[in-house]
Amino acid sequence: MQGLPWPAEDMSRRLLAWYGRSGRDLPWRRSRDPYRIWLSEIMLQQTGVTAVIPYYERFLAAFPTVMELAAAPLDKVLELWAGLGYYRRARFLHQAACKVVSEHGGCFPEKLETIMALPGVGRSTAGAIVSIAFDRKAPILDGNVRRVLCRLLAIFGDPRSGKVEKHLWSIAEMLTPEDRPHDYAQAIMDLGATVCSPRNPDCESCPLSGLCQAFWQGVQEQLPQRGKRKAVPLVQQVALLIHHDGRYLVRRRPLDGMLGGLWEFPSTTVPEEKTSEAAVRALTAGEGLSAVPQPLGTVRHAYSHFRVEVHLFTCPGDSCGMIAEEDHRWLAPAQLADWPLHGSHKKALGLL
DNA sequence: AAGACGGGGAC
DNA sequence: GTCCCAGTCTT
């Protein structure tokens, strides 16, 4: 690929000056502890700053060091993650902490390749850790940087395609300065999060507008060009609120797959050709129930790739005291409020 | 190369 | 309501 239309130092100098004036004060910026930087970067994958901050604080209070995280049971980690989404991140985080302890004596590795070898850490997150924690030059290419670079150099085409992605990494490499890589990494992500936003970018306040090819062409609103999206299907589910002595039966989902390790009311997807009632009957049989469930209401929940309507049924469970397996619990509503239920069944609590 | 994976903020 | 993610791993 060709070089830059201006010296890279022109860009980094303007950006760093802006960061000195307008950079945000975020909890993880008060430390250079690689453990804290790593934790913040994992939480910030696909998740916004405002959603992350309370989770970050709670998590660090429970696990102040990577050793304490490694020593914790996975259940405790998942409990502190419940509500953040992408739960595989929490499992990888725990696995990686164990690896740091077993293979690196509890000392967080400093080499890019070694950091990338940790579960859940790819090239961009490893670059962020190297830059921010160790102040050594390493390129980053997350969603914010991707957007800034597509606009800065007027790069058309789907930025997630292999060709454009490769180009963007080489641009990121060229632009990352030897000097102050810590500040540069924070600055370019801040610029993308605040000024160079997905919609209505504030080019008037942007320190890079004088260098920005998209701005000069007036196409900043059209970049980056997103790939085509698939329509999101609507899925029907039924869930059973089995109660006994004021407590409800919940079960733990398998660790692998969607919402892995989180808890839920016994539930199942309604096949296209079946009714909710038929699905409920199959469910009651599976849980060893004889009583007829009564409809309670419906809650709706949206995921990125599908939406779901959960039809709730209540059912007395006095005949199924035999359900005592490790992954089932009887809990009162007050306990359920703090239990790591997944999002759609948290909503169901509102109907109890 | 494409699909899977949650939830919330911004508008 | 719609759109967008501070990505990584699996197939």
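A, B, ... follow the sequence lines: proteins, then strands. Residue 1 opens every chain. Predicted model, so just to flag it, every value in this text is computed and none were measured.
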Legend entry - Option among A:Arg253, A:His345, A:Gln237 that satisfies the side-chain hydrogen bond (donor to acceptor under 3.5 Å, both in side chains) test with A:Glu264: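 Filter result, single survivor: A:Arg253.
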
Could you tell me the separation between the [atom1] atom of [X] and the [atom2] atom of [N], rounded to a whole number of Å?
X	N	atom1	atom2	result
A:Arg36	C:dA6	CZ	P	25 Å
A:His342	B:dG6	NE2	P	10 Å
A:Arg300	B:dG7	CZ	C1'	18 Å

Inset, instruction - Using the P atom on both, measure C:dT11 against B:dG6 and round to a whole Å. - result: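 Here C:dT11 and B:dG6 have their P atoms 16 Å from each other.
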
So [X], base contact, sugar-phosphate only, or nothing? Heavy-atom distance under 4.0 Å.
X	answer
A:Gly48	nothing
A:Gln46	base
A:Leu26	base
A:Gly83	sugar-phosphate
A:Val49	base
A:Leu259	sugar-phosphate

Legend entry - Contact nearer the 5' end of DNA chain C, comparing A:Met116 with A:Trp28: A:Trp28

Legend entry - Residue met sooner reading DNA chain C from 5', once A:Leu118 and A:Ser40 are mapped to nucleotides: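 The residue closer to the strand's 5' end, by nearest nucleotide, is A:Ser40.
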
Identify each donor-acceptor pair in which a side-chain atom of residues 273-286 of chain A lies under 3.5 Å from a protein atom, sequence neighbours left out, and give them as a table.
unit_1   : atom_1 : unit_2   : atom_2 : d
A:Thr275 : OG1    : A:Ala278 : N      : 3.2
A:Thr284 : OG1    : A:Val280 : O      : 3.3
A:Thr284 : OG1    : A:Arg281 : O      : 2.8

Legend entry - A:Ile140 backbone acceptor or donor facing A:Arg123 side chain under 3.5 Å: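 Answer holds: no.
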
Inset, instruction - Hydrophobic side-chain clustering at under 4.5 Å (ILVMFWY, transitive links): who's grouped with A:Val232? Put none if nobody. - result: none

Legend entry - Pairs touching residues 139-150 of chain A that satisfy side-chain hydrogen bond (donor to acceptor under 3.5 Å, both in side chains), sequence neighbours left out: A:Asn144-A:Arg147

Legend entry - Base of B:dG7 paired with side chain of A:Thr47 (donor-acceptor, under 3.5 Å):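 Side chain to base: no pair present.
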
Legend entry - Selected nucleotide, minimal atom distance to A:His305 side chain, candidates C:dA6, C:dG7, B:dC5: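 Of all the options, the side chain of A:His305 is nearest to B:dC5.
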
Inset, instruction - Tell me which nucleotide among B:dG7, B:dG8, C:dT8 gets nearest to the side chain of A:Arg160. - result: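 Selected nucleotide (nearest to the side chain): C:dT8.
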
Inset, instruction - Can you sort out which residues in residues 188-206 of chain A have a heavy atom within less than 4.0 Å of DNA chain B? Ascending by number, please. - result: A:Arg199

Legend entry - For DNA chain B, the residues among residues 85-104 of chain A that have a non-hydrogen atom under 4.0 Å from it: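 Result for residues 85-104 of chain A: A:Gly85, A:Tyr86, A:Tyr87, sorted by number.
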
Legend entry - Over all atoms of both residues, closest heavy-atom pair of A:Phe63 and A:Ala72: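 Residues A:Phe63 and A:Ala72, closest heavy atoms: CE2-CB, 3.2 Å.
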
Inset, instruction - Using only heavy-atom distances, determine whether the side chains of A:Thr65 and A:Glu68 contain a donor-acceptor pair under 3.5 Å. - result: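 Note: A:Thr65 and A:Glu68 side chains meet the donor-acceptor criterion.
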
Legend entry - Worked verdict on A:Asp25 versus A:Arg30 for salt bridge (charged side-chain N to carboxylate O under 4.0 Å, His left out): CA-CA 8 Å; A:Asp25 178 29; A:Arg30 296 171 192 169; 2.9 Å; yes

Inset, instruction - Would you please indicate if the ring centroids of A:Tyr56 and A:Trp28 are separated by under 6.0 Å? - result: yes

Inset, instruction - List for me each residue that meets side chain to side chain contact (heavy atoms under 4.5 Å, CB included) alongside A:Cys107, sequence neighbours excluded, and say none if there are none. - result: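 With sequence neighbours excluded, A:Cys107 shows a side chain to side chain contact (heavy atoms under 4.5 Å, CB included) to no residue whatsoever.
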
Inset, instruction - On DNA chain B, check which nucleotide each of A:Ser304 and A:Ser161 is closest to and give me the residue with the more 5' one. - result: A:Ser161

